[in-house]
Amino acid sequence: MLDKTYQPAAIEPRISAAWDDSGAFKAGAGTSPDGQSDTYCIVIPPPNVTGSLHMGHALNNTLQDILCRFERMRGKDVLWQPGTDHAGIATQMVVERQMMERGEPDRRTIGRDAFLEKVWAWKAESGGTIVNQLKRLGASCDWSRERFTMDEGLSQAVLKVFVQLHKDGLIYKDKRLVNWDPKFQTAISDLEVVQVDAKGKIDWSADDDEDATGPEFASLEKALARSPGGQMYHFRYPLSQDGSRHIVVATTRPETMLGDTGVAVHPEDERYTTLVGKMLKLPLVGREIPIVADEYSDPEKGTGAVKITPAHDFNDFEVGKRCNLARINIFDEHAAIIDGEEADESDIPAAYRGLDRFKARLAIIKDMYEAGLLAKIEPTTHQVPHGDRSSVAIEPFLTDQWYVNAAELAKPALAAVRGGSTRFVPDRFANDYYRWLDNIQPWCISRQLWWGHQIPAWYGPDGEVFVAHDEAEAAELANAHYGKQVDLSRDPDVLDTWFSSALWPFSTLGWPEETPELARYYPTSALITGFDIIFFWVARMMMMGMHFQKDVPFKDVYIHGLVRDAHGNKMSKSRGNVLDPLDIIDGVTLEDLVAKRTAGLDKERTNRVAKEVKREFPEGIKPYGTDALRFTMASMAAQGSDVKLSIDRIEGYRNFATKLWNASRFAEMNECVRQTDFDPASVNETINKWIVGETERAATAVTAGIEAYKFNDAAGDAYEFVWDVFCDWYIELIKPILNSDEESAKSETRACVAWVLDQVLKLLHPFMPFITEELWAHMVEYGEKRQKMLAVSRWPQPTGLQAPDADAEIKWVIDVISEVRSVRSEMNIPAGAKIPVHLIGADRSIKDRANRHEDTMSRLARLDDIRFEDTAPRASAIIIVGETTIAIPLEGVIDMDAERARLKKEISEAESDLAKMDAKLANPKFVEKANPAAVEETRERKAELEGLMAKLSAAMARLDT
RNA sequence: GGGCGGUUAGCUCAGCGGUAGAGCACUUCGUUGACAUCGAAGGGGUCACAAGUUCGAACCUUGUACCGCCCACCA
C-alpha cells in the first residue's frame, strides 16, 4: 500500500538510483531494433565545473529534461549530452582567492605548473558537485558521456580549430587596444565589459575662485575623495608660441593627459581654424603636441577641442592613426603609471611614476589647479567600463593579442538563421542575434591566464610565430623556416573560455574524430538557454558549427528568462535574496538559511539580510521535493518572460503532487487494477466514455504545448485535467459505481480508472519524473507486473476517442450538482442536511439521465429524493440547467427574500448578457460582415438566454404569488 | 541616442480580434471511507492612458506615461 502522505525525500534517491542502473538515458537506449528511430539531441549548457546549482540551472535543466523525457517517451533515440566548462577566469579567480585566504604564496611565486596542479586538485574536489546536483534535479542526461571542456578529446578539438582557423587566415595576432582588466591582468572581450554609471557631484569653476592658484585646493581635494568619479575636468593647454593663450579641453580621465599626443578640433569649427597645425605645450609634462583637425571632434560637445590619448582610448586610437599622432603608453599592467626605463622614454614626470591611476588622477588635478590650468569641474553622469568578473574599471591598453575574424565567420551563421535552418523561440531573439553579428568586431581570444587551453603557438628567437598542433610540429615548421634547429618558446596565454564552449555541440560528440555519434546526433535538435548568453555562446556555436561542420549546431534555440525572487528582483548574493534549489527540495532551517545568505557579507548587510530572511521565512523552508520545484519552473516558464519564484507557488505545486499521490491511493484502495487488454474504445458506461474523451483532449493539449515549447500551457493543461477533471469530478462521480454491486460496470470502471491514471502518470512524467515513476511502480500490486519503467514507456498516442453524447450527459450532471450546491450554500442550507429536488416537466431523456445518475447526484449534491413533477411547489428555489428546470422545495426552510434576491441577480445577469446579444444582432453590419459562425453563435446564445430568462421570470412570478 | 519587452483581480502571472481566466491570498461553510498539503460555495477587474482601424478591441495601429532589459556612444 502507498503511504498515507507523499514524502519526496523518501522516494527520490531510490528512483534516481533505479534510473542510473537501468541505463535508460544512454544514447541509443531508445533505438528500435532496426536502428531506425528518429534521434533527438540536446547538448547541455555546460555549467562551471566548480560551480553549484542555482535557480537558473534549475529552470534551464528542467526545461531540457521535459523535452528529453517527452521525446524519449515518444520513441526517439534521445541523447542529452552532459558536461562541464572549465570557466577560465572564474575558476582561476576562485583558486587564487583560496590561496590568498590560506596565506599561501601567490601563483606567480609558485609558478605555472604548480598552480595548475592546484586548480586541477580543486576541480577534482568540487567538480562532482554540480553534476550530482543536476542528478538530484532528475536530469536524464546520458551521464556515461559526460565531458569537460579540458578533456583530452575536447582539447584536441580546440587545437584543431585554432590551427585550422589560423591557416585559413581567420585567426591572427594583432597589436591593438584591448579591454584590459587590471585586476586579473588579462585582456577580456567586449562582451565581458559592463558599463557602470559614475555620477559626479562636484561643481567648481575657476571663475568663481579669485585665487585659484593657492593651497586652497585642500577642500576641493576632500570633495574629490568623497566623489571620485563622474566629474568633467576642463584643463587649459597653453599654446607653445604664446603661453598666455590656451585651448580648453574637457576630460573625465585627467590622468590620461600624461599620454596625450595631440588635441583635435573639428575641421569646420571656426573657433579653432586658425589654430590647426599649431603646437601646444602639454602641461605638467612639457611635451609639444599638435592641434589637429579631425571629424571625430564634435563642436557641440565639451569645448569642441578634445585631447587625444591614442594609447588609452578607443576613439583616440583611431584619431591618432588618421592624424599620425604618437602612441604613448603611460600604464603598466596594474594600471599604475609606468616607472623605470619605459617611463624615461615616454617623458613621464617623476612625480607621477608608479602611482596608481586614481592617485595619479588626484595628483594631476591638484597640480593643474596649482598651475592655474584647471578651469572648471562639472558634475556629470557617464559610464565607466568595468570587468564583469573583476568589477574593476577596465583600461584600454595597447597589447599584442590573438583575434578571430568574427565578421567572416558570422556570414554563414547569419545566413543559417535568416534562411530558417536554425529558429529562435521566441523569434524576436533572432533580431538581437542579427544586430550583434551584423556589427561584430574582431574577437579577442587570448587571455593572460594560466587555467585554460594554452594557445598552440611557438615563437622562434626572432619572434617568428609557428602555429601547430604540438611542439614537434612547431619545431618542424621552425626547422623549415630557419633551416636549422632553434629553441622555441610557447605562447604563455590561454584561450577565452568561450572559444572551447563554441565547439561544444560537436566536440562533445567526438570531433575531430568522425564518430558515429557525430554522424547520428549532429545537428542537434534544440538548444535551451538564457538570453544573457546569446552573444557569448549561441552566436559563437553557430559560427564554429557552420565553419567546421558545414551545418547548424541546432535546429531550435529556445530562449528562456531569468529566475527572479518573488518581488521581481534579480537574485544576488549581496541582496541576500538567493533561493537555493536544493533548499527548496530538501528544506532548510531558518538558522542555516540566515547563515547561508549572510556568509561573506559585511556587518550592515548581514543585519539587513538576516532581518529580511526572518521576516520572509520565519520557519525556514520546508522540504517540497524536486517535482514541486520542477513543476513550478515549467508552469511559470511562459515564453519570453522571467520567472518570479515564490514559495507560495511551489507549495501549491507540492500540494498538486500530494493530490496525485492520493488519487493513486484511491485507485489502489478501490482495486483499480490495470488490465493489459483494456481498450478505452470499448467502454460502455457513460462516465467512462466521458473520461476517455477528456483524457484524449488533455493528452493532445499537453503534447501540443511541449511541442511548441509552451511549457506553462502544457503544465497548466495537465494540472487542470488531473485536479479539476480527474480528481474533482471523475473520481467523485464513479464512487457510487465502485460501491455498488453491478459487477460489470464496476470492473469496467476499475480498469478505466487504472488506464486513466496510467495516462496521467505519462503526461506528468516529463514534469514530475520522481513521483510519477514511483506511482507507476506502485500501481502494479494487483496487476500484471510492468515490464518497463515509466521513463521509457510510451507517450499517449492520439486515440481520436470522443463521445459527444456522453460529454453532454456528464456535463448536465455536473451542472446540476454545481447549481444545487450553489443554491444550498446561498440559501444557507446546512451542509449535512439532505434535501429533495423536483425536476419540472422533464422529458423522457432527462428522466433517463436523472435515473442513471441518481446515486451520483444524490451523493454529491446531498439529495434524499429526485422527483419528476409538472409544476414546482410554491415555496421553492428554482434553478435552470440547460432545458431542465429544477425546483428545490423548501417550505419553511427557505428564506423567500434570499431566494428572491438570488433570482433577481441571476435575471439581471442574464438580462445584461441578453442585451449584449440583442445589440449585436440588431446591428445590420454585424450580421452582414461578421464571420457567419460568430453570428450563428450569437443567435444560439441569444435563444439560450431567452429560454433562461423565461424560466427565471416564471420562477420569480411563482415566488410572488 | 538606437532597439526590445512589460503595464489584466490584493499579489504573481496566463490570455493576444467574438460571453474577462489561473494559482496564491481573502470571506463563508464543511472531520460524508483518496486527500484538511483537502472539499464546497463566494467576493474581487472601465484589461495604464488617449486617439484610430473594425460589425466587434484586453487583443491590431499610432501616440503618451511609467517600469524593465539589450546595444552603442558621450572629450
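Basis for what follows: all heavy atoms, side chains included, without hydrogens, waters or symmetry-related copies. Below, read A as the first sequence line, B as the second, and so on, with proteins coming before strands; counting in each chain starts at 1.
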*asked:* Counting the atoms with a prime plus P, OP1 and OP2 as sugar-phosphate, which does A:Y6 contact under 4.0 Å by heavy atoms, base, sugar-phosphate, or nothing?
replied: nothing
Under-3.5 Å N/O pairs linking protein and nucleotides 31-34 of chain B:
| residue | atom | partner | partner atom | Å |
| --- | --- | --- | --- | --- |
| B:A34 | OP1 | A:K735 | NZ | 2.9 |
| B:A34 | O2' | A:N662 | OD1 | 3.3 |
| B:A34 | O2' | A:R665 | NH1 | 3.0 |
| B:A34 | N7 | A:K735 | NZ | 3.3 |
| B:A34 | N6 | A:C727 | O | 3.3 |
| B:A34 | N6 | A:E732 | OE2 | 3.2 |
| B:A34 | N3 | A:N662 | O | 3.1 |
| B:A34 | N3 | A:A663 | N | 3.3 |

*If the P atom of B:C49 is compared with that of B:U7, how far apart are they to the nearest Å?*
13 Å
*Where do A:E378 and A:K376 land on the salt bridge (charged side-chain N to carboxylate O under 4.0 Å, His left out) test, with the steps shown first?*
CA-CA 6 Å; A:E378 286 177 317; A:K376 202 174 9 172; 3.7 Å; yes
*Measure from the side chain of A:R435, starting at C-beta and using heavy atoms only, and say which of B:C74, B:G68, B:C71 lies closest.*
B:C71
_I'd like to know if A:R939 and A:E937 make a salt bridge, using a cut-off of under 4.0 Å between side-chain N and carboxylate O._
no
_Which residue lies more 5' along RNA chain B, comparing A:K644 with A:K570 via nearest heavy atoms_ = A:K644
*asked:* What is the distance, to the nearest angstrom, from the CZ atom on A:R253 to the P atom on B:C74?
replied: 12 Å
*What's the verdict on salt bridge (charged side-chain N to carboxylate O under 4.0 Å, His left out) for A:D565 and A:K644, showing C-alpha distance, side-chain angles and the deciding distance?*
CA-CA 5 Å; A:D565 74 6; A:K644 282 182 205 167; over 6 Å; no
*Can you check whether A:I330's main-chain N or O pairs, donor with acceptor, with A:H312's side chain at less than 3.5 Å?*
yes
_If I pick the P atom on B:C29 and the same atom on B:C11, what distance separates them, to the nearest angstrom?_
27 Å
*Give A:K905 one of three labels, base, sugar-phosphate or nothing, depending on what nucleic acid heavy atoms sit under 4.0 Å from its own.*
sugar-phosphate
*Yes or no on ring-ring contact (aromatic ring centres under 6.0 Å, His included) for A:F711 and A:F767, after CA distance, side-chain angles and deciding distance?*
CA-CA 9 Å; A:F711 300 100; A:F767 304 94; 7.7 Å; no
*asked:* Considering every strand and a 4.0 Å limit on heavy-atom distances, what is the contact class for A:D298: base, sugar-phosphate, or nothing?
replied: base
*If you measure from the P atom in B:U19 to the same atom in B:U64, how many Å do you get, rounded?*
32 Å
_Atom P, compared across B:G44 and B:U37: separation rounded to whole Å_ = 29 Å
*Inspect the contact between A:D432 and A:R435 and indicate whether a charged nitrogen and a carboxylate oxygen are less than 4.0 angstrom apart.*
yes
*Identify the two heavy atoms, one from A:G320 and one from A:I308, that lie closest to each other, and give their separation to 0.1 Å.*
N-CG2, 4.5 Å
*Classify the side-chain pair A:S822/A:E826 by whether it contains a donor and acceptor separated by less than 3.5 Å.*
yes
_Base versus backbone protein contacts along nucleotides 52-60 of chain B [heavy-atom cut-off under 4.0 Å; B, S, -]_ = ---B-----
*A:T658 side chain N/O closer than 4.0 Å to the phosphate oxygens (OP1, OP2) of B:C38?*
no
*Provide the distance between the two P atoms, one in B:U32 and one in B:C16, to the nearest whole Å.*
41 Å
*Considering heavy-atom distances to RNA chain B, does A:V643 or A:T5 have its closest nucleotide positioned more toward the 5' end?*
A:V643
*Using atom C1' of each nucleotide, how far apart are B:G45 and B:G21 to the nearest Å?*
11 Å
*asked:* Restricting to ring-ring contact (aromatic ring centres under 6.0 Å, His included), what partner residues turn up for A:Y624, sequence neighbours left out?
replied: none
_Show the nearest heavy-atom pair for residues A:A638 and A:N712, with the distance to one decimal._
CB-ND2, 3.5 Å
*In a check of side-chain hydrogen bond (donor to acceptor under 3.5 Å, both in side chains) between A:K307 and each of A:D313, A:D316, A:T256, which one passes?*
A:T256
_Tell me every residue that passes ring-ring contact (aromatic ring centres under 6.0 Å, His included) with A:Y709, counting only those two or more places apart in sequence or in another chain._
A:Y558
*Using a heavy-atom cut-off of under 4.0 Å over every strand shown, decide if A:T380 touches base, sugar-phosphate, or nothing.*
nothing
_Give me the distance, rounded to whole Å, that separates B:A20 from B:U8 when you measure between the C1' atoms they each carry._
9 Å
Grab the N/O contacts between the protein and nucleotides 23-26 of chain B below 3.5 Å, and write none if there aren't any.
| residue | atom | partner | partner atom | Å |
| --- | --- | --- | --- | --- |
| B:C24 | O2' | A:D648 | OD2 | 3.3 |

*Atom pair distance, as rounded to whole Å: CZ in A:R564 and C1' in B:C11*: 17 Å
*Do you know which two heavy atoms are closest between A:R862 and A:A831, and how far apart they sit?*
NE-O, 3.4 Å
*Show the numbers, then the answer: is there a side-chain hydrogen bond (donor to acceptor under 3.5 Å, both in side chains) between A:S912 and A:E909?*
CA-CA 5 Å; A:S912 135; A:E909 270 170 18; over 6 Å; no
*Considering only B:C4, B:C70, B:A41, which nucleotide approaches the side chain of A:S825 most closely?*
B:A41
*Just checking A:A264: base, sugar-phosphate only, or nothing, at a heavy-atom cut-off of under 4.0 Å?*
nothing
*Between B:G63 and B:G6, how far is it from one P atom to the other, in whole Å?*
16 Å
_Ring centres under 6.0 Å, that's the criterion: do A:Y653 and A:F631 meet it?_
yes
Please write out each protein N/O paired with an N/O of nucleotides 14-17 of chain B under 3.5 Å, distance rounded to 0.1 Å.
| residue | atom | partner | partner atom | Å |
| --- | --- | --- | --- | --- |
| B:A14 | OP1 | A:S641 | OG | 2.8 |

*Reckon A:S646 touches a base, only the sugar-phosphate, or nothing at all at heavy-atom distances under 4.0 Å?*
nothing
*Just call it for A:M917: base, sugar-phosphate, or nothing, with non-hydrogen atoms closer than 4.0 Å on any strand.*
nothing
